[in-house]
Amino acid sequence: MSRVLSFVFGLLARLPLGVLYVLADIGYLILYHVVRYRRKVVAENLAACYPELDSGEIRKIGRKFYRNFADYAVETVKLLHISDKEMSRRMVFENIEVMDRLNAQGRSTVVYFSHAGNWEWAPSVTLHTKKLNDRKIYYAQVYRPLRDKAFDALMLRVRSRFGSESVPKAVILRTLLGWRREGAQSVTGFMSDQKPSHGDPTVPLRFLGRPTAFISGTETLARKLGMAAIYWDISKISRGHYSIRCRLLAENVADTAPGAVTASYARMLEETINRNPSIWLWTHKRWKHPVDPSSLLY
């Protein structure tokens, strides 16, 4: 099955993006009008976060979200066959000097990122950062293994396209400690906008006008290891073109108050979403479990 899947996606990846976007348009029609994939969840999330908008405006954002979601799908497939030059042109990093400076200082970094724009293109950061010949730097992203082994293998192949490593969430601390024992630095991306899993430590915050439990494990880990923290603020410039601005959260998370970095990330993510709500992944049930408003830390 995995060979068939890889073969089919490999063939699709060789098509020009212009052709893939035709497939994305068809996929949007199927997702939105035929399958109606999680349309109720998307509509309820949008309405609750933007109560000032009427139903017509909510539907407009929802439809645009599904179009962006279809674009994300074909763009991710394209990672199997795209040149470094084309990727560098389509995914641009701004203020990358922040990362280069931290790397030059020998500081390992956690990168807060979200399910916005095309998050699968973000590992192409390795095409933009300065190379330091005097030290080893691991670029990695934390992930949750998928149940479908064939699809999981395919996604691991996609995510390693630009030389970064995918590290399962369960072993990330051990992995970072191992790299540190080697004398190496690390730049590790954490998708920190999901609904927390059972047992995950959280910080209760107000986010998009709603009491929200934010995963705090990223901050806890960075605090324990004395790492810096950066937020990747993504914008969709046009179809197939994105920009990520590197925004410093903390030079050393260990020097900040508990919960402060998570709160700063939440505020920045809120800015990203409010700038263009349609690029965020509204299909996940982030607010499935209510949070007591009186418990909010910030």
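Note: hydrogens, waters and symmetry copies are ignored here, and every other heavy atom, side chains too, is used.
Looking at Met227 and Val110, their side chains come closer than 4.5 Å, going by heavy atoms from C-beta outward. A heavy-atom distance below 4.5 Å is found between the side chains of Phe65 and Thr283.
Between the Glu57 side chain and the Asp54 main chain, a donor and an acceptor come within less than 3.5 Å of each other. Listed for the Arg36 side chain is no donor-acceptor partner under 3.5 Å among the backbone atoms of Arg39. The closest donor-acceptor contact from the side chain of Lys131 to the backbone of Thr129 lies under 3.5 Å. Asn252 places no side-chain N or O within donor-acceptor distance of the main-chain N or O of Ala228, the cut-off being under 3.5 Å. Proximity of a side-chain donor or acceptor of Arg286 to a complementary backbone N or O of Gln194 within less than 3.5 Å is detected. Panel note: side chain Lys130, backbone Asp100; no donor-acceptor pair is recorded below 3.5 Å. In this structure a side-chain-to-backbone donor-acceptor pair under 3.5 Å is missing from Arg89 to His241. Although no hydrogens or angles enter the test, the distance criterion places a donor-acceptor pair under 3.5 Å between the side chain of Ser160 and the main chain of Leu156. Between the side chain of Glu165 and the main chain of Ala140, no donor-acceptor pair closer than 3.5 Å is present. Between the side chain of Tyr32 and the backbone N or O of Gly62, no donor-acceptor pair lies under 3.5 Å.
By the 30° and 60° cut-offs, the orientation of the rings of His284 relative to His115 is perpendicular. Using cut-offs of 30° and 60° on the angle between ring planes, the pair Trp282 and Trp280 is perpendicular.
Between Thr256 and Ala250, the shortest heavy-atom contact is CG2-CB, 3.9 Å. Heavy-atom minimum distance, Leu20 versus Leu15: CD1-O, 3.9 Å. Between Ser164 and Pro123, the closest heavy-atom pair is OG-CB, 3.6 Å. Considering all non-hydrogen atoms of both residues, Pro277 and Ile61 come closest at CB-CG2, 3.9 Å. Closest non-hydrogen pair, Ile215 versus Thr262, comes out as O-CG2, 3.8 Å. Across every non-hydrogen atom of Arg223 and Pro258, the tightest pair is NH2-CA, 3.5 Å.
Between Arg239 and Asp25, at least one side-chain N (NZ, or NE/NH1/NH2) sits under 4.0 Å from a carboxylate O, which counts as a salt bridge. Using a cut-off of 4.0 Å between Lys/Arg side-chain N and Asp/Glu carboxylate O, Asp152 and Arg147 are scored as not salt-bridged. Ion pairing between Arg90 and Glu86 holds under the 4.0 Å rule for side-chain N and carboxylate O. A salt bridge is defined here as a Lys NZ or Arg NE, NH1 or NH2 lying under 4.0 Å from an Asp or Glu carboxylate O, and Glu182 with Arg135 fails to meet this definition.
Atom OG1 in Thr126 sits 10.5 Å away from atom CE in Met87 (nearest 0.5 Å). Rounded to the nearest 0.5 angstrom, Thr212 OG1 and Leu205 CG are separated by 7.5 Å. Rounding to the nearest 0.5 angstrom, the gap separating the CG atom in Leu154 from the CZ atom in Arg159 is 10.0 Å. The structure places CD1 of Ile230 at 8.5 Å from CH2 of Trp232, a figure rounded to the nearest 0.5 Å. To the nearest 0.5 Å, atom CG of residue Leu177 and atom CZ of residue Arg181 are 6.0 Å apart. Separating the CG atom in Leu80 from the CD1 atom in Ile82 is a distance of 10.5 Å, to the nearest 0.5 Å.
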The test is side-chain contact (heavy atoms from CB on, under 4.5 Å); show your working for Tyr112 and Leu249 and say whether it passes.
CA-CA 9 Å; Tyr112 283 79; Leu249 289 167; 3.5 Å; yes
Decide yes or no on salt bridge (Lys or Arg N to Asp or Glu O under 4.0 Å) for Glu270 and Arg206, but give the supporting numbers first.
CA-CA 10 Å; Glu270 194 172 53; Arg206 185 167 296 281; over 6 Å; no
Show your working on side-chain contact (heavy atoms from CB on, under 4.5 Å) between His81 and Leu12 and close with a plain yes or no.
CA-CA 9 Å; His81 193 269; Leu12 289 173; over 6 Å; no
Taking it one step at a time, do Glu94 and Ile244 satisfy side-chain contact (heavy atoms from CB on, under 4.5 Å)?
CA-CA 6 Å; Glu94 300 176 9; Ile244 288 179; over 6 Å; no
Please evaluate residues Phe113 and Phe190 with respect to the criterion ring pair (Phe, Tyr, Trp, His ring centres under 6.0 Å), reporting the C-alpha separation (whole Å), side-chain torsions for both, the decisive distance (0.1 Å), and the verdict.
CA-CA 6 Å; Phe113 198 43; Phe190 291 77; over 10 Å; no
side-chain hydrogen bond (donor to acceptor under 3.5 Å, both in side chains) for Thr202 and Ser216? Distances and angles first, verdict last.
CA-CA 5 Å; Thr202 61; Ser216 60; 5.9 Å; no
Given the rule in the side-chain contact (heavy atoms from CB on, under 4.5 Å) test, do Val158 and Arg161 qualify, once you have shown the distances and angles that lead to the verdict?
CA-CA 5 Å; Val158 164; Arg161 169 67 179 77; 5.8 Å; no
Can Glu251 and Arg101 be said to form a salt bridge (Lys or Arg N to Asp or Glu O under 4.0 Å), step by step?
CA-CA 11 Å; Glu251 295 272 354; Arg101 176 174 60 81; 2.9 Å; yes
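Counting heavy-atom neighbours within 6.0 Å of Arg14 CZ, excluding the residue itself, gives a total of 12 or less. In the displayed structure, Lys169 atom NZ is contacted under 6.0 Å by more than 12 heavy atoms of other residues, nucleotides or ligands.
With hydrophobic clusters built from ILVMFWY side chains whose heavy atoms lie under 4.5 angstrom apart, Leu173 shares a cluster with Val142. Residues Val41 and Val291 do not share a hydrophobic cluster, clusters being chains of Ile/Leu/Val/Met/Phe/Trp/Tyr side chains in contact below 4.5 Å. In the hydrophobic cluster analysis, where Ile, Leu, Val, Met, Phe, Trp and Tyr join through side-chain heavy atoms closer than 4.5 angstrom, Phe69 is grouped together with Val35.
Scanning for salt bridge (Lys or Arg N to Asp or Glu O under 4.0 Å) contacts around Arg275 gives Asp233, with sequence neighbours left out.
With hydrogens and angles left out, the side-chain atoms of Gln185 and Ser108 include no donor and acceptor closer than 3.5 Å. Using a 3.5 Å distance cut-off with no hydrogens or angles, the side chains of Arg267 and Ser264 do pair a donor with an acceptor. Between the side chains of Ser243 and Ser235, no donor-acceptor pair of N or O atoms lies under 3.5 Å. A donor-acceptor pair shorter than 3.5 Å cannot be found between the side chains of Tyr265 and Glu219. Side chain to side chain, Trp119 and Ser114 fail the donor-acceptor criterion of an N or O pair below 3.5 Å. Side-chain contact annotation: Gln141 with Ser166, donor-acceptor N/O pair under 3.5 Å present. A donor-acceptor contact closer than 3.5 angstrom links the side chains of Asn274 and Tyr50. Side-chain polar atoms of Ser186 and Tyr139 form no donor-acceptor pair below 3.5 angstrom.
No option in Asn276, Asn118, Asp71 other than Asp71 meets the side chain to side chain donor-acceptor pair (under 3.5 Å) test with Lys236.
A cation-pi arrangement, defined by a distance under 6.0 Å to the six-membered ring centre and an angle within 45 degrees of its axis, is present between Lys136 and Tyr138. Cation-pi contact between Arg67 and Tyr28: present, with separation from the ring centre below 6.0 Å and deviation from the ring axis of at most 45°.
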